[in-house]
Amino acid sequence: MVSVAIMGHGVVGSGVAEILTTHKKKLFASLGEEIYVKHILDLREFPDSPLADRFTKNFDDIINDREVRVVVEVMGGLKPAYEYVKKCLLSGKSVVTSNKELVAAHGAELLAIAKEENVNFLFEASVGGGIPIIRPMSQCLVANIVYEVAGILNGTTNFILTKMIEDGMQFEDALKLAQDLGFAERNPAADIEGHDACRKICILASLAFGKHVYPEFVHTEGITKITLDDVKYAEAYDSVIKLIGKVKRLDDGRIDIIVAPMFVPNKSQLANIDNEFNGIMVRGDCTGDVVFYGKGAGKLPTASAVVADVVDCCKHLKTRKYLFWTDGDGKNIIPMEESVNAMYVRVKGDDVIAKATKAFGDVTEINRESDPQGETAFVTKQMPYGEFADKLENFKANDAEVLSFIRIGDL
Ligand code: HSE
(Lines give C-alpha, C1' and ligand atoms only; values in the text may rest on other atoms or scores of the structure.)
Protein backbone atom coordinates (compact mmCIF):
# COMPACT_ATOMS: atom_id res chain seq x y z
CA MET A 1 0.00 0.00 0.00
CA VAL A 2 1.23 3.50 -0.82
CA SER A 3 -0.15 6.36 1.28
CA VAL A 4 -0.82 9.65 -0.46
CA ALA A 5 -2.13 13.05 0.60
CA ILE A 6 -4.17 15.52 -1.41
CA MET A 7 -3.80 19.25 -0.77
CA GLY A 8 -6.98 20.99 -1.97
CA HIS A 9 -10.53 19.70 -2.39
CA GLY A 10 -11.88 22.04 -5.06
CA VAL A 11 -12.93 21.04 -8.58
CA VAL A 12 -9.77 19.07 -9.43
CA GLY A 13 -8.97 17.85 -5.90
CA SER A 14 -12.43 16.36 -5.40
CA GLY A 15 -12.05 14.71 -8.81
CA VAL A 16 -8.74 13.17 -7.74
CA ALA A 17 -10.28 11.83 -4.50
CA GLU A 18 -13.23 10.51 -6.52
CA ILE A 19 -11.12 8.65 -9.10
CA LEU A 20 -8.81 7.21 -6.43
CA THR A 21 -11.94 5.87 -4.70
CA THR A 22 -14.09 4.76 -7.65
CA HIS A 23 -11.20 3.34 -9.72
CA LYS A 24 -9.44 1.57 -6.85
CA LYS A 25 -9.50 -1.86 -8.51
CA LYS A 26 -8.39 -0.53 -11.90
CA LEU A 27 -5.47 1.31 -10.29
CA PHE A 28 -4.56 -1.70 -8.15
CA ALA A 29 -4.33 -3.78 -11.35
CA SER A 30 -1.89 -1.25 -12.83
CA LEU A 31 0.26 -0.69 -9.74
CA GLY A 32 0.02 -4.03 -7.95
CA GLU A 33 -0.75 -2.34 -4.64
CA GLU A 34 -3.36 -0.07 -3.16
CA ILE A 35 -3.16 3.73 -3.25
CA TYR A 36 -4.50 4.89 0.12
CA VAL A 37 -5.67 8.50 0.53
CA LYS A 38 -4.49 9.21 4.07
CA HIS A 39 -4.99 12.99 4.33
CA ILE A 40 -6.93 15.65 2.47
CA LEU A 41 -5.97 19.22 3.28
CA ASP A 42 -8.67 21.88 2.99
CA LEU A 43 -9.88 24.69 5.20
CA ARG A 44 -13.52 23.88 4.44
CA GLU A 45 -15.67 21.10 5.95
CA PHE A 46 -16.86 18.17 3.83
CA PRO A 47 -18.99 16.08 6.23
CA ASP A 48 -20.78 14.28 3.39
CA SER A 49 -17.63 13.10 1.63
CA PRO A 50 -17.00 9.32 1.70
CA LEU A 51 -13.49 10.32 2.85
CA ALA A 52 -14.77 12.71 5.56
CA ASP A 53 -12.54 11.10 8.22
CA ARG A 54 -9.34 11.95 6.28
CA PHE A 55 -9.75 15.74 6.18
CA THR A 56 -7.33 18.02 7.98
CA LYS A 57 -6.79 21.77 8.10
CA ASN A 58 -3.19 21.36 9.20
CA PHE A 59 -0.36 20.94 6.69
CA ASP A 60 1.85 19.54 9.48
CA ASP A 61 -0.28 16.37 9.45
CA ILE A 62 1.03 15.73 5.95
CA ILE A 63 4.61 16.91 6.15
CA ASN A 64 5.22 15.07 9.45
CA ASP A 65 3.68 11.79 8.27
CA ARG A 66 6.57 9.64 7.08
CA GLU A 67 4.14 7.09 5.61
CA VAL A 68 2.95 9.63 3.03
CA ARG A 69 5.19 9.13 0.01
CA VAL A 70 3.28 11.11 -2.62
CA VAL A 71 1.56 14.47 -2.18
CA VAL A 72 -0.92 15.89 -4.68
CA GLU A 73 -1.08 19.68 -4.85
CA VAL A 74 -4.34 20.87 -6.41
CA MET A 75 -4.87 24.07 -4.42
CA GLY A 76 -3.93 26.37 -7.30
CA GLY A 77 -2.20 29.74 -6.97
CA LEU A 78 1.24 30.30 -5.46
CA LYS A 79 0.44 30.87 -1.80
CA PRO A 80 0.75 28.56 0.04
CA ALA A 81 1.20 26.00 -2.76
CA TYR A 82 4.84 26.94 -3.49
CA GLU A 83 5.94 26.73 0.15
CA TYR A 84 4.08 23.46 0.76
CA VAL A 85 5.35 21.77 -2.41
CA LYS A 86 8.92 22.81 -1.68
CA LYS A 87 8.67 21.46 1.86
CA CYS A 88 7.23 18.16 0.63
CA LEU A 89 10.03 17.68 -1.91
CA LEU A 90 12.70 18.64 0.63
CA SER A 91 11.30 16.07 3.06
CA GLY A 92 11.63 13.33 0.44
CA LYS A 93 8.04 13.11 -0.76
CA SER A 94 7.20 13.03 -4.46
CA VAL A 95 4.77 15.72 -5.59
CA VAL A 96 2.14 15.75 -8.32
CA THR A 97 0.52 19.04 -9.27
CA SER A 98 -2.01 20.42 -11.73
CA ASN A 99 -0.93 23.95 -10.85
CA LYS A 100 0.33 25.65 -14.02
CA GLU A 101 0.95 28.92 -12.20
CA LEU A 102 3.30 27.12 -9.82
CA VAL A 103 5.17 25.20 -12.53
CA ALA A 104 5.49 28.28 -14.78
CA ALA A 105 6.79 30.41 -11.88
CA HIS A 106 8.99 27.91 -10.02
CA GLY A 107 9.34 24.79 -12.21
CA ALA A 108 13.13 24.95 -12.65
CA GLU A 109 13.72 25.36 -8.90
CA LEU A 110 11.28 22.60 -7.90
CA LEU A 111 12.70 20.20 -10.51
CA ALA A 112 16.19 20.88 -9.18
CA ILE A 113 15.06 20.14 -5.61
CA ALA A 114 13.33 16.94 -6.76
CA LYS A 115 16.55 15.88 -8.51
CA GLU A 116 18.63 16.62 -5.42
CA GLU A 117 16.24 14.71 -3.15
CA ASN A 118 15.84 11.83 -5.64
CA VAL A 119 12.05 12.17 -5.72
CA ASN A 120 9.62 12.99 -8.50
CA PHE A 121 7.88 16.24 -9.35
CA LEU A 122 5.26 15.52 -12.00
CA PHE A 123 2.72 17.93 -13.55
CA GLU A 124 0.97 16.29 -16.51
CA ALA A 125 -2.35 18.01 -15.63
CA SER A 126 -0.81 21.48 -15.68
CA VAL A 127 -1.13 21.70 -19.47
CA GLY A 128 -4.08 20.47 -21.52
CA GLY A 129 -6.15 19.08 -18.61
CA GLY A 130 -6.85 15.45 -19.50
CA ILE A 131 -4.70 15.47 -22.65
CA PRO A 132 -1.39 13.61 -22.31
CA ILE A 133 1.28 16.10 -23.43
CA ILE A 134 4.08 16.38 -20.82
CA ARG A 135 4.82 12.65 -20.78
CA PRO A 136 4.56 12.28 -24.61
CA MET A 137 6.94 15.22 -25.08
CA SER A 138 9.43 14.08 -22.45
CA GLN A 139 9.32 10.38 -23.33
CA CYS A 140 7.58 9.35 -26.57
CA LEU A 141 8.97 12.22 -28.69
CA VAL A 142 12.39 12.27 -27.09
CA ALA A 143 14.11 11.14 -30.30
CA ASN A 144 12.97 14.31 -32.06
CA ILE A 145 14.41 17.74 -32.24
CA VAL A 146 11.21 19.69 -31.60
CA TYR A 147 11.20 22.92 -33.56
CA GLU A 148 7.69 24.21 -32.81
CA VAL A 149 4.87 23.72 -30.34
CA ALA A 150 1.57 25.55 -30.96
CA GLY A 151 -1.72 25.08 -29.27
CA ILE A 152 -5.11 26.11 -28.08
CA LEU A 153 -4.29 25.89 -24.40
CA ASN A 154 -7.21 27.54 -22.65
CA GLY A 155 -10.64 25.94 -22.60
CA THR A 156 -12.51 29.03 -21.40
CA THR A 157 -11.37 31.32 -24.21
CA ASN A 158 -11.82 28.59 -26.80
CA PHE A 159 -15.36 28.09 -25.52
CA ILE A 160 -16.06 31.84 -25.74
CA LEU A 161 -14.63 32.15 -29.26
CA THR A 162 -16.56 29.07 -30.42
CA LYS A 163 -19.82 30.58 -29.16
CA MET A 164 -19.01 33.86 -30.93
CA ILE A 165 -18.16 32.05 -34.17
CA GLU A 166 -20.95 29.48 -34.23
CA ASP A 167 -23.81 31.22 -32.42
CA GLY A 168 -22.96 34.90 -32.90
CA MET A 169 -22.98 35.22 -29.10
CA GLN A 170 -21.54 38.39 -27.52
CA PHE A 171 -18.26 38.02 -25.60
CA GLU A 172 -19.74 38.78 -22.14
CA ASP A 173 -22.60 36.27 -22.52
CA ALA A 174 -20.22 33.52 -23.63
CA LEU A 175 -17.87 34.24 -20.68
CA LYS A 176 -20.77 34.01 -18.24
CA LEU A 177 -21.74 30.64 -19.72
CA ALA A 178 -18.14 29.35 -19.44
CA GLN A 179 -18.06 30.42 -15.78
CA ASP A 180 -21.39 28.69 -15.11
CA LEU A 181 -20.02 25.50 -16.68
CA GLY A 182 -16.95 25.62 -14.38
CA PHE A 183 -14.18 26.00 -17.00
CA ALA A 184 -12.99 29.44 -15.98
CA GLU A 185 -10.33 30.28 -13.39
CA ARG A 186 -11.50 31.78 -10.10
CA ASN A 187 -10.44 35.11 -11.57
CA PRO A 188 -11.40 34.78 -15.26
CA ALA A 189 -8.98 37.59 -16.16
CA ALA A 190 -6.29 34.89 -16.17
CA ASP A 191 -8.22 33.16 -18.95
CA ILE A 192 -9.42 36.07 -21.09
CA GLU A 193 -6.21 38.11 -20.80
CA GLY A 194 -4.15 35.12 -21.95
CA HIS A 195 -2.15 34.54 -18.73
CA ASP A 196 -3.34 30.96 -18.26
CA ALA A 197 -2.38 30.05 -21.86
CA CYS A 198 0.92 31.86 -21.31
CA ARG A 199 1.78 29.73 -18.26
CA LYS A 200 1.03 26.61 -20.27
CA ILE A 201 3.13 27.53 -23.31
CA CYS A 202 5.94 28.51 -20.90
CA ILE A 203 5.85 24.98 -19.44
CA LEU A 204 5.87 23.39 -22.90
CA ALA A 205 8.66 25.70 -24.12
CA SER A 206 10.77 24.92 -21.05
CA LEU A 207 10.26 21.23 -21.66
CA ALA A 208 10.90 21.39 -25.40
CA PHE A 209 13.99 23.60 -25.27
CA GLY A 210 15.47 22.74 -21.87
CA LYS A 211 15.59 26.22 -20.29
CA HIS A 212 12.92 27.70 -18.06
CA VAL A 213 10.79 30.31 -19.80
CA TYR A 214 9.11 32.62 -17.28
CA PRO A 215 5.70 34.16 -18.17
CA GLU A 216 7.08 37.69 -17.82
CA PHE A 217 9.39 37.02 -20.80
CA VAL A 218 6.44 36.28 -23.09
CA HIS A 219 4.38 38.77 -25.10
CA THR A 220 0.79 37.94 -24.10
CA GLU A 221 -2.49 39.19 -25.52
CA GLY A 222 -5.97 37.99 -24.59
CA ILE A 223 -9.26 37.93 -26.46
CA THR A 224 -11.12 40.82 -24.83
CA LYS A 225 -10.80 43.06 -27.88
CA ILE A 226 -12.08 40.49 -30.39
CA THR A 227 -15.43 41.53 -31.88
CA LEU A 228 -18.07 39.68 -33.86
CA ASP A 229 -16.96 41.76 -36.88
CA ASP A 230 -13.42 40.35 -36.62
CA VAL A 231 -14.93 36.87 -36.37
CA LYS A 232 -16.88 37.47 -39.61
CA TYR A 233 -13.84 38.84 -41.47
CA ALA A 234 -11.89 35.75 -40.39
CA GLU A 235 -14.65 33.57 -41.81
CA ALA A 236 -14.42 35.44 -45.13
CA TYR A 237 -10.66 34.72 -45.08
CA ASP A 238 -11.32 30.94 -44.65
CA SER A 239 -10.09 31.12 -41.08
CA VAL A 240 -11.25 31.10 -37.48
CA ILE A 241 -9.94 33.23 -34.62
CA LYS A 242 -8.31 31.17 -31.86
CA LEU A 243 -6.17 32.12 -28.87
CA ILE A 244 -2.84 30.51 -29.72
CA GLY A 245 0.19 29.85 -27.54
CA LYS A 246 3.15 29.19 -29.76
CA VAL A 247 6.89 28.68 -29.47
CA LYS A 248 9.23 28.14 -32.38
CA ARG A 249 12.95 27.54 -32.54
CA LEU A 250 14.72 29.77 -35.07
CA ASP A 251 17.79 28.80 -37.10
CA ASP A 252 20.10 30.75 -34.76
CA GLY A 253 18.87 28.68 -31.77
CA ARG A 254 16.79 31.44 -30.17
CA ILE A 255 13.06 30.97 -29.66
CA ASP A 256 10.06 33.01 -30.74
CA ILE A 257 7.29 32.65 -28.15
CA ILE A 258 3.94 34.41 -28.00
CA VAL A 259 0.36 34.14 -26.78
CA ALA A 260 -2.14 36.03 -28.95
CA PRO A 261 -5.39 35.64 -30.84
CA MET A 262 -4.63 34.55 -34.40
CA PHE A 263 -6.43 33.81 -37.65
CA VAL A 264 -6.08 30.03 -37.97
CA PRO A 265 -6.66 28.78 -41.53
CA ASN A 266 -9.59 26.36 -41.79
CA LYS A 267 -7.24 23.74 -43.18
CA SER A 268 -5.07 23.80 -40.02
CA GLN A 269 -5.42 20.90 -37.60
CA LEU A 270 -6.09 23.48 -34.88
CA ALA A 271 -9.03 25.15 -36.66
CA ASN A 272 -11.66 22.59 -35.66
CA ILE A 273 -10.79 22.40 -31.99
CA ASP A 274 -13.89 23.90 -30.45
CA ASN A 275 -15.65 24.63 -27.17
CA GLU A 276 -13.65 23.79 -24.03
CA PHE A 277 -11.40 21.40 -25.94
CA ASN A 278 -7.67 22.03 -26.25
CA GLY A 279 -5.37 20.99 -29.07
CA ILE A 280 -1.59 20.99 -29.12
CA MET A 281 0.53 20.51 -32.20
CA VAL A 282 4.15 19.42 -31.73
CA ARG A 283 6.41 19.65 -34.75
CA GLY A 284 9.32 17.24 -34.55
CA ASP A 285 12.07 16.64 -37.08
CA CYS A 286 11.45 12.88 -37.20
CA THR A 287 7.68 12.67 -36.65
CA GLY A 288 6.52 15.79 -38.50
CA ASP A 289 3.35 17.17 -36.92
CA VAL A 290 1.81 15.31 -34.00
CA VAL A 291 -1.48 16.66 -32.64
CA PHE A 292 -2.93 16.07 -29.18
CA TYR A 293 -6.63 16.77 -28.65
CA GLY A 294 -9.05 16.49 -25.75
CA LYS A 295 -10.71 18.22 -22.82
CA GLY A 296 -8.39 20.88 -21.50
CA ALA A 297 -10.46 21.75 -18.45
CA GLY A 298 -12.98 20.23 -16.07
CA LYS A 299 -13.01 18.04 -12.99
CA LEU A 300 -12.53 14.45 -14.15
CA PRO A 301 -10.42 15.09 -17.29
CA THR A 302 -7.88 17.05 -15.22
CA ALA A 303 -8.07 14.63 -12.29
CA SER A 304 -7.40 11.76 -14.71
CA ALA A 305 -4.01 13.28 -15.57
CA VAL A 306 -3.23 13.90 -11.88
CA VAL A 307 -4.03 10.31 -10.92
CA ALA A 308 -1.86 8.98 -13.77
CA ASP A 309 1.05 10.96 -12.31
CA VAL A 310 0.27 9.59 -8.82
CA VAL A 311 0.44 6.04 -10.18
CA ASP A 312 3.72 6.89 -11.94
CA CYS A 313 5.17 8.28 -8.69
CA CYS A 314 4.03 5.16 -6.80
CA LYS A 315 5.72 2.98 -9.43
CA HIS A 316 8.95 4.98 -9.11
CA LEU A 317 9.28 5.55 -5.37
CA LYS A 318 12.96 4.78 -5.39
CA THR A 319 13.90 6.10 -8.82
CA ARG A 320 13.59 9.45 -10.45
CA LYS A 321 11.72 9.86 -13.72
CA TYR A 322 13.78 11.97 -16.06
CA LEU A 323 11.85 15.20 -16.40
CA PHE A 324 14.07 18.21 -16.12
CA TRP A 325 15.05 21.63 -17.40
CA THR A 326 17.49 24.23 -16.12
CA ASP A 327 16.78 27.80 -15.09
CA GLY A 328 16.47 30.44 -17.81
CA ASP A 329 17.27 34.14 -18.10
CA GLY A 330 15.20 34.95 -21.19
CA LYS A 331 18.26 35.64 -23.33
CA ASN A 332 17.27 32.78 -25.65
CA ILE A 333 13.99 34.56 -26.53
CA ILE A 334 13.76 37.00 -29.44
CA PRO A 335 12.22 40.43 -28.80
CA MET A 336 8.61 40.62 -30.01
CA GLU A 337 9.64 43.24 -32.62
CA GLU A 338 11.55 40.50 -34.48
CA SER A 339 8.66 38.04 -34.55
CA VAL A 340 7.42 37.62 -38.14
CA ASN A 341 3.73 37.40 -39.10
CA ALA A 342 1.27 38.59 -41.70
CA MET A 343 -1.39 40.84 -40.14
CA TYR A 344 -5.11 41.31 -40.57
CA VAL A 345 -6.06 44.98 -40.17
CA ARG A 346 -9.61 46.39 -39.92
CA VAL A 347 -10.00 50.08 -40.70
CA LYS A 348 -12.59 52.83 -40.85
CA GLY A 349 -12.09 55.48 -43.53
CA ASP A 350 -11.90 56.18 -47.25
CA ASP A 351 -9.47 54.89 -49.88
CA VAL A 352 -8.21 52.35 -47.38
CA ILE A 353 -6.61 49.93 -49.82
CA ALA A 354 -4.70 52.71 -51.64
CA LYS A 355 -3.44 54.09 -48.33
CA ALA A 356 -2.62 50.58 -47.04
CA THR A 357 -0.64 49.74 -50.18
CA LYS A 358 1.34 52.95 -49.74
CA ALA A 359 2.09 52.12 -46.09
CA PHE A 360 2.55 48.34 -46.16
CA GLY A 361 3.25 47.40 -49.80
CA ASP A 362 0.95 44.81 -51.41
CA VAL A 363 -2.06 43.90 -49.25
CA THR A 364 -4.97 41.51 -49.79
CA GLU A 365 -8.42 42.98 -49.22
CA ILE A 366 -10.93 40.76 -47.39
CA ASN A 367 -14.38 40.95 -48.93
CA ARG A 368 -17.14 39.76 -46.68
CA GLU A 369 -20.88 39.82 -47.14
CA SER A 370 -22.52 42.85 -45.56
CA ASP A 371 -19.31 44.65 -44.52
CA PRO A 372 -20.03 47.21 -41.82
CA GLN A 373 -20.57 50.62 -43.40
CA GLY A 374 -17.35 52.54 -44.06
CA GLU A 375 -15.06 49.68 -43.00
CA THR A 376 -12.39 47.81 -44.92
CA ALA A 377 -10.19 44.92 -43.86
CA PHE A 378 -6.98 43.66 -45.41
CA VAL A 379 -4.05 41.32 -44.78
CA THR A 380 -0.43 42.44 -45.06
CA LYS A 381 2.53 40.40 -46.21
CA GLN A 382 4.65 38.70 -43.53
CA MET A 383 6.96 41.13 -41.74
CA PRO A 384 8.62 41.51 -38.32
CA TYR A 385 6.27 43.05 -35.75
CA GLY A 386 8.55 46.08 -35.29
CA GLU A 387 8.32 46.88 -39.01
CA PHE A 388 4.54 46.39 -38.93
CA ALA A 389 4.20 48.74 -35.95
CA ASP A 390 6.21 51.49 -37.73
CA LYS A 391 4.21 51.11 -40.92
CA LEU A 392 0.96 51.13 -38.95
CA GLU A 393 1.89 54.52 -37.47
CA ASN A 394 2.47 55.94 -40.99
CA PHE A 395 -0.81 54.42 -42.12
CA LYS A 396 -2.73 55.95 -39.20
CA ALA A 397 -1.15 59.35 -39.88
CA ASN A 398 -2.84 59.23 -43.29
CA ASP A 399 -6.37 59.54 -41.89
CA ALA A 400 -7.08 55.86 -41.32
CA GLU A 401 -8.80 54.80 -38.12
CA VAL A 402 -7.49 51.35 -37.22
CA LEU A 403 -10.20 49.37 -35.41
CA SER A 404 -8.25 46.15 -34.86
CA PHE A 405 -5.32 44.05 -36.02
CA ILE A 406 -4.74 40.34 -35.49
CA ARG A 407 -1.86 38.04 -36.46
CA ILE A 408 -2.31 35.50 -39.24
CA GLY A 409 -1.17 32.18 -37.77
CA ASP A 410 1.28 30.13 -39.79
CA LEU A 411 -0.28 26.91 -38.51
N1 HSE B 1 -9.25 27.92 -16.82
C2 HSE B 1 -8.52 26.88 -17.48
C3 HSE B 1 -9.06 26.73 -18.88
C4 HSE B 1 -8.66 25.60 -16.71
O5 HSE B 1 -10.12 27.31 -19.17
O6 HSE B 1 -8.44 26.09 -19.72
C7 HSE B 1 -7.73 24.52 -17.12
O8 HSE B 1 -6.39 24.88 -16.97
Side-chain angles (χ1 to χ4, degrees), residues 8 10-16 19 72-78 81 96-105 107 122-134 149-164 169 171-207 215 218 220-224 226 241-246 259-261 270 273-281 292-309:
V11 175
V12 181
S14 60
V16 171
I19 295 178
V72 174
E73 184 279 303
V74 277
M75 292 183 283
L78 295 180
V96 171
T97 185
S98 61
N99 187 338
K100 53 257 160 148
E101 193 176 353
L102 175 70
V103 182
L122 302 183
F123 40 86
E124 181 62 67
S126 66
V127 181
I131 307 172
I133 182 66
I134 304 288
V149 183
I152 294 166
L153 299 167
N154 181 268
T156 302
T157 46
N158 204 39
F159 180 85
I160 293 171
L161 290 170
T162 304
K163 291 291 163 210
M164 291 174 77
M169 201 182 254
F171 177 88
E172 288 75 17
D173 298 333
L175 170 60
K176 171 82 178 46
L177 191 54
Q179 285 177 301
D180 291 347
L181 290 169
F183 307 141
E185 297 295 305
R186 264 178 292 181
N187 174 4
D191 295 300
I192 61 180
E193 302 291 356
H195 303 303
D196 179 74
C198 177
R199 289 163 188 150
K200 292 166 178 168
I201 197 66
C202 284
I203 295 170
L204 296 181
S206 306
L207 185 62
V218 179
T220 301
E221 293 173 25
I223 63 162
T224 50
I226 304 292
I241 299 176
K242 298 282 184 192
L243 182 67
I244 298 292
K246 188 163 107 84
V259 173
L270 297 180
I273 290 163
D274 293 329
N275 293 310
E276 79 274 27
F277 284 79
N278 285 190
I280 304 154
M281 179 162 64
F292 300 85
Y293 169 81
K295 286 191 176 159
K299 176 178 170 176
L300 292 180
T302 310
S304 148
V306 172
V307 172
D309 275 351

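Numbering of ligands and ligand atoms starts at 1, following listing order.
When every heavy atom of Phe123 is checked against every heavy atom of Ile134, the shortest pair comes out as O-CG1, 3.8 Å. When every heavy atom of Cys198 is checked against every heavy atom of Thr220, the shortest pair comes out as SG-OG1, 3.4 Å.
With a 4.0 Å cut-off on non-hydrogen atoms, Asp196 touches ligand 1 through its side chain and not its backbone.
Distances between N or O atoms of Gly155 and those of ligand 1 include at least one value under 3.5 Å. Ligand 1 has an N or O atom lying under 3.5 Å from an N or O atom of Phe183, backbone or side chain.
Between the choices Gly296, Ala197, Gly76, Gly298, the shortest heavy-atom distance to atom 7 (C) of ligand 1 belongs to Gly296.
The local environment of NZ in Lys295 is sparse, with at most 12 non-hydrogen atoms from other residues, nucleotides or ligands closer than 6.0 Å.
Atom 5 (O) of ligand 1 has its closest protein heavy atom at Thr156 OG1, 2.6 Å. Of all protein heavy atoms, the one lying nearest to atom 8 (O) of ligand 1 is Lys100 NZ, 2.5 Å. The protein heavy-atom contact nearest to atom 4 (C) of ligand 1 is Glu185 OE2, 3.3 Å.
Annotation for ligand 1: atoms under 4.0 Å from non-hydrogen atoms of Asp191 are 1 (N), 2 (C), 3 (C), 5 (O).
Of the charged side-chain nitrogens involved, at least one lies within less than 4.0 Å of a carboxylate oxygen, so that Asp274 and Lys242 count as a salt-bridged pair.
Under the 4.5 Å side-chain criterion, counting only non-hydrogen atoms from C-beta, His195 is not in contact with Pro215. Side-chain atoms of Phe277 and Thr162, non-hydrogen and from C-beta on, never get closer than 4.5 Å to each other.
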